[in-house]
Amino acid sequence: MGDPQYPLFSKDGDITIGALFPVHSIETSPSFDFMKKPQPLSCSSVYLRDFRMAQIMIFAIEEINKSENLLPNVSIGYRIYDTCGSRLSTMSAIMGLMNGQEIVPGHRCNGHSPLHAIIGETESSATVILSRTTGPFKIPVISHTASCECLSNRKDHPSFFRTISSDYHQSTALVYIVKHFGWSWVGAVNSDNDYGNYGMAIFLKIAQEEGICVEYSVKFYRTEIEKLQKVLDTIKKSTAKVIVAFASFPEMGLLIDQLSIQNITGLQIIGSRSWITVKSLIKPNSFRVLGGSLGFAERTINVEGFAEYIIKGFWKTVVPCSQSKGNYSQYDLNCSRYEDLLLLKNYNEDVPEQRYVSNVFKAVYAVAHSLHSLLKCKEQDGCEKGLTIQPQQLVEALKKVNFTIRTGDHVWFDSTGGAVAQYEVVNWQQDSDGSIQFKSVGYYDASLPSDQRFMLNTENIIWAGGQKPRSVCSESCPPGTRKAAQNGRPVCCYDCIPCGEGEISNETDSNNCKRCPIEYWSNAEKNKCVLNTVEFLSFTEVMSIVLVFFSMFGVGLTAMVAILFYSKKDTPIVKANNSELSFLLLFSLSLCFLCSLTFIGRPTEWTCMLRHTAFGITFVLCISCVLGKTIVVLMAFRATLPGSNVMKWFGPSQQRLSVLAFTLIQVLICVIWLTMSPPFPHRQYYKENIILECSLGSTIGFWAVLGYIGLLAVLCFILAFLARTLPDNFNEAKFITFSMLIFCAVWITFIPAYISSPGKFTVAVEIFAILASSFGLLFCIFAPKCFVILFKPEQNTKQNMMNEWRDGRLIDWSAGDEEPGDKTCRHSGDKEAQRQLDSEEFPVADVVIGLHWVEIAGEEGTWMEATGIPLLLRQDCSNSGGGTTKGRSGLGWTRRGAVVKAFFKAWLTDGVQDRDLGLPWRRLVQVEIPQALEDLLNVVAMFGQAAGVDKDGSNMMSAMDSSRIRRCNCPM
């Protein structure tokens, strides 16, 4: 077993305070050959900072011993050990502190330490060893520089205190400074010890929470040269321009030397307080690496009188051998152990830069104040020196201390035994004379509110490389975009994705885009929500103006047609087209054109109900008129039983009632729709627009209205299509067929266009469909008639209505015009009929069935109107001799293009009965002619397929036999 280790500095007193400081930094180990007693460990190379700490401790104890207010009649002694920065020496010193140096034979250990408190250690790892060793004995340990967060665990270190803040605050402050400058891509280097590992772990955790990415995190210990080389290689390959160095002074010294040797410069280093203000790092080439470095350091506190004390009082009282040789200590130690310290006897220029000596000063005073309260000291009576102070009592007293030292600093310990964090932000700068200074450019004070803790004067900072570095993995995303992380990379490596429609981001580097409120939409830059534009089809828009123009043009055109028809109402072509239904059709078309105007303008409750109902009713009225005209034409020429009374149901009154009935059905549908669920104004949010539109209310009601219109239109189209092959001149069925084809095509294409069109274009599509179908009906039905009235007036005559164009030649039937050939009429019939005709018992008619005209021989020039179909009564048919004979019986007939199958008995009956023509005429019309036509139709039906029709329709029927009809070989 070796000799006990003796303290470097010691003094006896009523109360003893121990201390551990690495006054020397290099330890020389003796030979352990186990052949002789081991020699004491030898230390060399004075560590000036910790030597000053030992000095400030003695200075504080001497000051307290002289004080009359603090422990007035109690003296404090001390025992200060040099640990040489070695774990082995630290353990040896701890044992020496706790047990003492003198071994008395037969003396038994009483379990009590001669010490009341221990101040130290400097490094966190050594302090952990110290705290765990003394912990079972409840001896309070107060550290001045050990800042590892691990020491905040009261379960593992219940009697540990420190006058420095935990590294948790330092790591938080490092994150503050990195985030303040917008550095999101940094490297990290730390010492592989408790101080570096715990501090870096806290930094990495908080940095991740704040969105700061660490490209690499490497560590090494001062003796691990290979790991140091790997650290250098990592730094070379990295793209980060900022390095956070949470390292102890020895490790940082080695790293700086290698960075300088390998010329790795231009990096912005952010340092911890353990090395950032160490002047020994200032070397000729170190500023190339460390120039512009930033870091946190303890505040500089000037303890008044300390600088003079280390020049005079310390060497006189503590190291007496400095006055005369041969003066040994109480432990018979040779003055040779102080030789390297004596070199600093007259040096005190470093004192103003010492930032940790005040922490030792506070620790000594904290122990003194605790003892003062335990010994119940009073200024006049002094302290009760006979009281026994147990270590645990002192631990509890330390938890309650709260005082202010003469420098103005407040001293107290928090629940973890630590002090409040108060740092200066220092910057490595070079003065004009070339000297390097640690300039204060800000502070961090954890005692202040969170928004006031960190302050930085950026304009006073000198940067590495001459300007503020930019260290990011990806460039910042501007407002209007959001960050999208890249696969397999840290979150700081991202792509900037533009915000979607209706979303914004008004911050740089936004993680998410915010959805605009329902009344707002994103602007083009996607960085602001702007109020939506209210959109509806207003009268001021160009599209609306065009639609209104065509609507009014349609109304005007319809009015012009009505005026034209009214002025020509007595002409054959107007009479031939059922003038009453024609005028009603023109009126409904005007309403169709006008109802389109209700779709333009700001939707209101009334306009929404009006536009759809007006549209549905007016169109049904229009289609009903067209349907009435179609049925009249078809029934006039398709009735297969002339002897029946079916045609009496298609007179003028019946036509009016049919139009009214069809329209009332639509009115009923609209009333039910408006009663159950009427249309109403509705706001639809579509991108940047608020679309004001009319909601249908009941979709079934809307499609019922459209479906009913479509049903009538399809029915009209089918009937008109069936009547398309009737005789040619002014055959309305063809024009109705074409108009209904256009109508159906427009509304069939309307459905997908209506469903797919957005916003106001939906209304525009509906208006277009209304106008297109209205113009189709107007032009297809009325344009041919207007053309004849205006440009072909010679065709608008009774004569022309009865004639037929064949082979480019007008056949004038009224003049007895015949084709060359057989001009004889072959007569046949019973004698009774011949007798009645010859005796003029009643006039006999030549009936020519063709076109839309029926010619009945009678009083020449007499017209009979039967619901729009004029009938000419005349007496002109060629006899066998080619002359004209009044009262001669006989029937002339023709077939061109299509076989006529029907004759309007009801119309003829009504038309004849409207005039007082006498009984013979009535008998002729009501009995003879229908019977004759029935026979005629039977013959036509029998021979139609056999005879056939040539291209111009001029092939004539032959061999018709009837007992009631005289066959005449008149020109066909």
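Numbers here simply count residues along the sequence, with the first being 1. No experiment lies behind these values; they were computed from the predicted model shown.
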Going by heavy atoms in the side chains, are [X] and [Y] under 4.5 Å from each other?
X    : Y    : answer
L537 : F599 : no
L564 : C786 : yes
I742 : S773 : no
L777 : F782 : no
M609 : F680 : no
M543 : L547 : yes
F768 : F550 : no
L692 : P681 : no

[X]: what forms a side chain to side chain donor-acceptor pair (under 3.5 Å) with it, not counting sequence neighbours?
X    : result
S544 : none
S596 : S551
S588 : none
T675 : none

Could you list the residues that satisfy salt bridge (charged side-chain N to carboxylate O under 4.0 Å, His left out) with E605, not counting sequence neighbours?
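Per chain and number, E605 pairs via salt bridge (charged side-chain N to carboxylate O under 4.0 Å, His left out) with no residue.
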Residues which pass disulfide (SG to SG under 2.5 Å) with C608, listed by chain and number, not counting sequence neighbours
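Partners of C608 by the disulfide (SG to SG under 2.5 Å) criterion, ordered by chain and then number, come out as C694.
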Can you list the residues that meet the disulfide (SG to SG under 2.5 Å) rule with C716, with sequence neighbours excluded?
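Counting only residues at least two positions away or on another chain, C716 forms no disulfide (SG to SG under 2.5 Å).
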For [X], all residues meeting side-chain contact (heavy atoms from CB on, under 4.5 Å), sequence neighbours excluded:
X    : result
A614 : C595, L610
F717 : T737, M740, L741
I672 : L668, M676
T604 : W606, T607

Could you tell me if the ring centre of F775 sits under 6.0 Å from that of F593?
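Centroid separation for F775 and F593: below 6.0 Å.
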Assess the pair F587 and F583: is the distance between their ring centroids shorter than 6.0 Å?
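No, they do not, as the ring centres are separated by 6.0 Å or more.
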Donor-acceptor under 3.5 Å ([X] side chain, [Y] main chain):
X    : Y    : value
Q666 : I617 : no
W673 : L696 : yes
Y566 : V561 : no

What pairs with F791 under ring pair (Phe, Tyr, Trp, His ring centres under 6.0 Å), at least two apart in sequence or on another chain?
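Applying ring pair (Phe, Tyr, Trp, His ring centres under 6.0 Å) to F791 gives F787.
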